[in-house]
Amino acid sequence: MTLEETIKEIKPLDENMMEKARARWNSIAHPLHSLGKLEDLVIQITGITGKPTVDISKKALVAMCADNGVVEEGVTQTGQEITALVANGFLEGTTTVCAMCRKCGVDVHPVDVGIAVDTNVPRNLKVAYGTKNMTKGPAMTREEAKKAIEAGIQTACELKDKGYKLLATGEMGIGNTTTSSAMAAVLLNQPVEVMTGRGAGLSSEGLVRKINAIKKAIQINDPDPEDVMDVLSKVGGLDIAGLAGVFLGGAALRMPVVMDGFISCVAALTAKMLCPGAADYMLSSHVSKEPASRLILEKLGKSPILHGDMCLGEGTGAIAFLPVLELGAELYNTMGTFEDIHMEQYEELT
């Protein structure tokens with residue numbers, strides 16, 4: 001599907017099914033609303049799928065991999081070659097998130113949407129060999145940004161066709177906290193210093209370089225905060241664009257899509273700005289240690305479950321959240337009711 005076709009397919013959640021889910025929770029033998037956000041998330045999933053039971057048995061992590069030209073400015077602790085190494089690691093099962101996925105029964109699907117070199121990761125969706133250095137001009141063209149979004153949409157469609165019930169989002173791209181901070185600063189109209197953290201362990205000197213590079217990129221490119229495609233193409237990344245496509249594709253296909261940390265949340269915000277209704281299909285997992293994360297989650301209207309100061313990326317926060325979500329689904333699907341145990345049902349009290 002094209003971007004335009006996808007947006008047209010995104011419909012409101014099934015309110016009737018969500019009302020039935022609320023009634024189901026209220027009938028289950030437990031104090032009303034005592035499972036808090038777990039109940040809310042399960043209700044949301046029934047509205048997403050339009051089905052009375054929650055089936056998230058087959059899950060995939062989509063890891064969008066791309067390089068960023070701004071790495072030339074010394075904004076990272078490691079070199080650009082790490083992107084390719086970790087991308088191959090997704091296939092070999094050697095990365096942190098791969099170990100987590102094995103434990104949680106999640107399949108890993110890396111996508112080369114813009115790695116600077118060719119790897120073993122399938123590259124049929126590669127838009128470019130990395131972005132350009134955004135401190136010298138736009139990171140990519142508007143058409144490249146759109147192609148990367150559509151790569152994410154295509155990935156969501158392919159996984160839906162393979163029977164996956166839920167998608168989690170992850171990424172790999174050295175320099176992508178720089179592009180994410182740049183986008184967040186523009187879209188939320190916040191000072192760069194507020195929206196920029198140390199990423200993967202920058203020194204204080206490195207953090208200053210990173211902030212200055214972002215400021216320069218914003219000044220040179222003058223992205224329009226009212227036009228998210230302009231912001232994405234000028235100071236964003238191909239991985240962010242690809243993840244935005246996964247969020248949009250999931251919404252069009254009525255699949256829940258789990259947000260990860262900072263970079264994933266910027267992609268989610270991008271998707272929401274392209275189609276506000278897409279946000280209803282997003283599940284929040286955790287709040288990243290990166291300073292801008294809380295502000296972005298507030299903008300998205302999302303309340304995360306996990307508060308662990310994680311900032312590794314790859315989708316690790318999203319995967320850490322899934323066992324909690326599965327517990328909620330199991331309780332909803334299988335627990336007996338007050339009627340089953342011959343107990344008077346709790347009442348709503350004011």
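The analysis underlying the following values was restricted to heavy atoms, covering all of them including side chains, and did not include hydrogens, waters or symmetry mates.
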Looking at Arg24, is its backbone amide N or carbonyl O close enough to the side chain of Ser27 to form a donor-acceptor pair, meaning the two atoms are under 3.5 Å apart?
yes
Kindly state each residue pair satisfying side-chain hydrogen bond (donor to acceptor under 3.5 Å, both in side chains) with at least one member in residues 225-238, sequence neighbours excluded.
Arg142-Asp227, Asp230-Lys234
If you define the side chain from C-beta out and look only at heavy atoms, does anything of Val194 sit under 4.5 Å from Leu295?
yes
Would you kindly say whether Lys210 and Ser181 are connected by a side-chain donor-acceptor distance under 3.5 Å?
no
Residues 267-284, side-chain donor-acceptor partners within the protein, below 3.5 Å, at least two apart:
from	atom 1	to	atom 2	distance (Å)
Thr270	OG1	Val266	O	2.9
Lys272	NZ	Lys299	O	3.3
Tyr281	OH	Lys11	O	2.6
Tyr281	OH	Arg254	NH1	3.3

Test: salt bridge (charged side-chain N to carboxylate O under 4.0 Å, His left out). Region: residues 81-102. Which pairs qualify, not counting sequence neighbours?
none
Residue pairs passing the ring pair (Phe, Tyr, Trp, His ring centres under 6.0 Å) test where at least one lies in residues 78-128, sequence neighbours excluded
His109-Tyr164
Applying salt bridge (charged side-chain N to carboxylate O under 4.0 Å, His left out) to Arg209 and Glu205, what does each step give before you reach the verdict?
CA-CA 7 Å; Arg209 284 197 302 271; Glu205 182 182 348; 3.4 Å; yes
Indicate every side-chain donor-acceptor pair of residues 60-73 with a distance under 3.5 Å to a residue at least two apart or in another chain.
from	atom 1	to	atom 2	distance (Å)
Asp67	OD1	Thr83	OG1	2.7
Asp67	OD2	Ala116	N	2.7
Asn68	ND2	Ile174	O	3.2
Glu72	OE1	Asn133	ND2	3.0
Glu73	OE2	Asn133	ND2	2.7
Glu73	OE2	Thr135	OG1	3.4

Correct closest heavy-atom pair for Ala292 and Met195 would be CB-CE, 3.5 Å
In terms of side-chain geometry, is the basic nitrogen of Glu5 or Lys8 positioned less than 4.0 Å from the acidic oxygen of its partner?
no
With sequence neighbours excluded, give me every side-chain hydrogen bond (donor to acceptor under 3.5 Å, both in side chains) pair touching residues 183-196.
Glu193-Lys215
Ser285 (side chain) donor-acceptor with Met259 (main chain) under 3.5 angstrom
yes
Just jot down the ring-ring contact (aromatic ring centres under 6.0 Å, His included) partners of His30, sequence neighbours excluded, or say none.
Trp25
For residues 150-160, which residue pairs pass the side-chain hydrogen bond (donor to acceptor under 3.5 Å, both in side chains) check, not counting sequence neighbours?
Gln154-Glu158
Under the salt bridge (charged side-chain N to carboxylate O under 4.0 Å, His left out) rule, what pairs show up with a residue in residues 109-133, not counting sequence neighbours?
Asp112-Lys126, Asp118-Arg123, Asp118-Lys126
Backbone N/O of Asn120 and side chain of Asn88: donor-acceptor pair under 3.5 Å:
yes
Do Glu15 and Met18 touch side chain to side chain, with heavy atoms closer than 4.5 Å?
yes
Applying salt bridge (charged side-chain N to carboxylate O under 4.0 Å, His left out), which residue pairs with at least one partner in residues 31-59 are found, sequence neighbours left out?
Lys59-Glu326
Look at the side chain of Thr179 and the backbone N and O of Asn176, then say whether any donor-acceptor pair between them is shorter than 3.5 Å.
yes
Show the atom names and distances, to 0.1 Å, of all donor-acceptor pairs under 3.5 Å that link a side chain in residues 312-321 to residues at least two apart or in another chain.
from	atom 1	to	atom 2	distance (Å)
Glu314	OE1	Thr95	OG1	3.4
Glu314	OE1	Val97	N	3.1
Thr316	OG1	Gly313	O	2.8

Do Asn221 side-chain atoms and Met134 backbone N/O form a donor-acceptor pair below 3.5 Å?
yes
Please lay out, stage by stage, how Val111 and Val246 fare under the test side chain to side chain contact (heavy atoms under 4.5 Å, CB included).
CA-CA 11 Å; Val111 178; Val246 174; over 6 Å; no
Identify, with sequence neighbours excluded, every residue that meets side-chain hydrogen bond (donor to acceptor under 3.5 Å, both in side chains) alongside Lys146.
Glu4
When you look at NZ of Lys289, are more than 12 heavy atoms from neighbouring residues, nucleotides or ligands closer to it than 6.0 Å?
no
